[in-house]
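Every chain is numbered from 1 and lettered A, B, ... according to where its sequence line falls, protein lines coming before strand lines.
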Protein chains: 2
Amino acid sequence: MEKDVTIYDIAKLLQLSPATVSRALNDHPAINSNTKVIIASKAKEMGYRSNMFASNLRRQRTSTIGVIVPRLDSAFMSTVLAGMEKVANEANYNLIISQSLESFKKEVANTKTMFDSRVDGLLVSLASDTENLDHFNTFFRKGIPMILFDRVIEQKNCTNIVIDNVKAGYEATAHLIDQGCRRIMHITGSIKRNVYADRLKGYRLALMDHGLEGADELVKITNLTREDGVQAAADIQQMNSPPDGLFVASDFCAVSCMGALMQAGVSIPDDMAVVGFNDDPVAQVIQPSLTTIHYPGQEMGEIAAQSLINHLNGLLRINTTNTILLNYELIVRKSSQRHL
Amino acid sequence: MEKDVTIYDIAKLLQLSPATVSRALNDHPAINSNTKVIIASKAKEMGYRSNMFASNLRRQRTSTIGVIVPRLDSAFMSTVLAGMEKVANEANYNLIISQSLESFKKEVANTKTMFDSRVDGLLVSLASDTENLDHFNTFFRKGIPMILFDRVIEQKNCTNIVIDNVKAGYEATAHLIDQGCRRIMHITGSIKRNVYADRLKGYRLALMDHGLEGADELVKITNLTREDGVQAAADIQQMNSPPDGLFVASDFCAVSCMGALMQAGVSIPDDMAVVGFNDDPVAQVIQPSLTTIHYPGQEMGEIAAQSLINHLNGLLRINTTNTILLNYELIVRKSSQRHL
DNA sequence: TTTATTAAAGCAATCGGTTGCATAACAATT
DNA sequence: AATTGTTATGCAACCGATTGCTTTAATAAA
């Protein structure tokens with residue numbers, strides 16, 4: 001069990017005061033650059049590592065960013081986190097990551113933990129049933145900045161990083177119309193969440209713009225699970241006039257629904273053209289491959305983390321910037337491509 | 001911007017010393033239970049939260065556990081982490097999570113960050129090209145405990161939590177043999193990793209036990225990506241005597257290979273029976289559904305975290321327990337079930 | 001030579017909770 | 001009454017880095 005090297009050890013060895021050592025290691029201008037070199041090399045030689053706790057205690061900050069996401073198990077979220085980690089590391093920030101598992105209750109619990117950990121800032125993507133941001137009030141009161149990404153609620157003094165889900169929903173739907181669909185069903189998640197509410201809005205706009213009429217039975221609000229996909233397929237079979245196009249707000253659910261439909265003898269894309277959302281890896285391995293909306297996770301993570309860090313360093317006022325929109329892309333694959 | 005409440009504030013208000021307040025909040029036996037109640041309620045009323053940094057600094061521990069995993073984006077890993085989080089929360093430990101993205105280099109970097117964060121213990125699942133545990137030496141020297149799970153390297157004084165991959169590989173292969181397969185191909189990942197080396201071993205044992213001969217061309221070492229699956233399918237098409245069974249060490253790769261084979265006209269399971277590994281959600285949505293090996297992620301996470309915490313609390317010597325084996329289960333679905 | 005200026009380094013308090021040891025108050029025992 | 005024991009609390013040092021203010025030394029200016 002080795003003991004940790006402290007600045008006092010270095011100071012004693014070099015016949016200097018701890019204050020000088022501390023300043024030197026932090027590149028303080030009042031320290032002779034020659035002294036800095038000597039101290040730095042001695043520190044390295046002795047295997048010195050700053051004690052974050054002493055430093056944090058004194059500085060009243062933690063160099064830690066809290067991240068709360070609904071789930072970790074999506075390829076999308078994984079790339080978002082990779083992006084955040086990259087930026088955070090470069091800026092010498094640490095990440096504390098936790099998942100709400102789509103539960104508001106757990107999100108609140110995570111929020112408490114983050115508060116106790118005294119994170120300097122917060123990056124959050126909301127659980128599906130979160131309706132307001134009151135549980136973050138402790139943070140707001142202390143002036144701890146927060147950035148919401150992907151699943152957001154608009155609120156002043158809180159930057160949002162999102163894609164234009166209305167437009168993406170519109171485009172997905174318009175693409176189906178282009179392929180000749182006239183009766184398009186939309187399967188989506190809780191419309192408490194902007195992502196789903198907006199995609200639905202886009203879907204409706206597209207129908208309207210193309211002179212198609214919507215119908216209540218053509219919009220299904222679900223949890224977007226595998227079972228929901230199967231159930232939707234069963235429901236479709238029961239309909240008097242079944243749809244000829246399907247826009248699902250999540251790839252995984254789209255795939256399970258597609259599978260169930262095909263087993264029931266529905267031909268895809270000819271009887272039913274399908275578009276998903278997110279560009280999950282499954283979209284490529286499935287037969288037929290799934291048309292979907294792709295959007296940049298890594299970039300979203302990087303921008304979120306960078307904006308927060310810039311704000312913490314006083315380089316950017318978060319409350320002035322309010323929404324950052326990223327680009328998405330419709331990726332056309334076989335599930336929707338009819339040979340007209 | 002509110003200011004934080006400290007034990008000094010509480011002490012002053014109650015005309016007590018900070019020491020008493022501290023002891024009361026930590027349920028120290030020397031404090032009158034009545035006093036404890038008064039202090040606790042006052043603390044709550046004032047919204048007191050312990051300053052972890054002061055506490056950590058003094059106690060020389062952090063109540064933080066570092067977790068390094070290859071990737072976050074698998075359903076399996078997500079449940080592992082959920083299990084760890086649950087146990088850690090209950091024991092008042094925090095989790096710092098990072099992903100190596102299967103790169104040894106990044107794993108080393110993560111290790112350094114963890115060390116700087118002074119985690120009390122480490123839970124690690126190794127990157128695919130990690131060959132030894134030398135980068136953890138700084139931890140060993142300081143007596144910081146580490147538990148490896150799933151992707152491990154055996155080493156004394158380091159508990160491993162795994163399933164019996166040899167047996168699982170054996171069982172998967174034997175199942176294919178049961179279904180009438182006589183020429184079984186195995187697609188796997190880097191055999192530097194125990195999980196893949198062991199599954200391969202099990203595969204070979206099963207062949208041997210059933211009097212089947214293996215062949216070099218029947219074993220493919222890949223990265224288990226989507227592309228590798230497609231490539232494998234292409235290779236199979238080129239073979240003089242193609243296999244009639246396929247055991248792939250990862251569901252995702254199995255699915256992409258299966259898809260490519262089916263497109264080439266191969267009938268599954270009749271021409272080719274397929275077994276995957278991991279029970280990824282994709283196994284259920286694919287057509288035909290994929291036979292696979294399921295193993296308990298949540299449990300693995302809980303046990304790993306609990307063992308580590310027990311060790312930290314002196315309730316368990318990690319170095320005496322060396323390997324914990326969890327159960328797995330072969331889940332037979334349509335991709336391998338022949339109607340004999 | 002004296003004074004002002006600047007550069008470099010040190011002193012000592014501080015952050016907030018923890019803990020070994022001392023102390024006070026009171027009860028029990030001899 | 002004196003001694004021992006018990007219970008509850010306080011004192012003060014400590015963890016290690018940071019930082020406002022002071023001091024020292026060296027150099028420049030008067």
What is the separation between atom CG on A/Asn34 and atom C1' on C/dA9, rounded to the nearest whole Å? 14 Å

Would you kindly check whether a donor in the side chain of B/Arg49 faces an acceptor in the base of C/dG16, or vice versa, at under 3.5 angstrom? no

Closest listed nucleotide, where the reference is the side chain of A/Thr20 and the choices are C/dA9, D/dT9, C/dG17: C/dA9

d(CD1, A/Ile39; P, D/dA17) in whole Å: 13 Å

Check whether any side-chain heavy atom of B/Leu95 sits under 4.5 Å from a side-chain heavy atom of B/Ile65, and report yes or no. yes

Evaluate the ring planes of B/Phe76 and B/Tyr295, with Trp represented by its six-membered ring, and classify them as parallel (under 30°), tilted (30 to 60°) or perpendicular (over 60°). tilted

Measure from the side chain of A/Asn51, starting at C-beta and using heavy atoms only, and say which of C/dG16, D/dA17, D/dG10 lies closest. D/dA17

Spacing between B/Arg118 atom CZ and D/dC15 atom P, to the nearest angstrom: 14 Å

Picking from C/dG17, D/dT9, D/dG10, the nucleotide nearest the side-chain atoms of B/Thr35 would be D/dT9

Counting only side-chain heavy atoms from C-beta out, which of C/dG10, C/dT18, D/dG16 sits nearest to B/Ile7? C/dT18

When the nearest nucleotide of DNA chain D is assigned to B/Gln60 and to B/Ser33 on a heavy-atom basis, which residue is associated with the more 5' position? B/Ser33

Between B/Arg193 and B/Glu102, is there a side-chain N and carboxylate O pair less than 4.0 Å apart? no

Whole-Å distance separating the CZ atom of B/Arg58 from the P atom of C/dT14: 19 Å

As an exercise, state the distance from CZ of A/Arg61 to CZ of A/Arg118, rounded to the nearest 0.5 Å. 15.0 Å

Distance in angstrom units between B/Arg61 CZ and C/dT19 P, rounded: 9 Å

May I have the distance from A/Asn92 (atom CG) to D/dA17 (atom P), rounded to whole angstrom? 16 Å

Across the strands shown, which category fits B/Leu16 at heavy-atom distances under 4.0 angstrom: base, sugar-phosphate, nothing? sugar-phosphate

Under 4.0 Å, heavy atoms only, any strand: does B/Ser22 hit a base, just the sugar-phosphate, or nothing? base

A/Arg59, nearest nucleotide to its side chain (from D/dT9, C/dG17, D/dT19): D/dT19

Of the options C/dT18, D/dC11, C/dC11, whose atoms approach the side-chain atoms of B/Ala19 most closely? D/dC11

Both A/Leu57 and B/Val21 contact DNA chain D. Taking the nearest nucleotide for each, which residue is further toward the 5' end? B/Val21

Spacing of A/Leu25 atom CG relative to D/dA17 atom C1', expressed in whole Å: 10 Å

What nucleic acid atoms does B/Asn26 come within less than 4.0 Å of, heavy atoms only: base, sugar-phosphate, or nothing? sugar-phosphate

Over 60° means perpendicular and under 30° means parallel, so tell me whether B/Phe115 and B/Phe139 are parallel, tilted or perpendicular. perpendicular

Looking only at the side chain of A/Tyr8 (C-beta and beyond, no hydrogens), which of the listed nucleotides C/dG10, D/dA17, C/dG17 gets closest? D/dA17

Checking contacts here: which listed nucleotide (C/dC11, D/dG16, C/dG17) is nearest the side-chain heavy atoms of A/Arg23? C/dC11

Side-chain N or O of B/Ser17 versus OP1/OP2 of D/dT9: is the shortest distance under 4.0 Å? no

Any ion pair linking A/Asp27 and A/Lys36 (charged N to carboxylate O, less than 4.0 Å)? yes

Starting at atom CD1 of B/Ile31, determine the distance to atom C1' of D/dA8, rounded to an integer number of angstrom. 7 Å

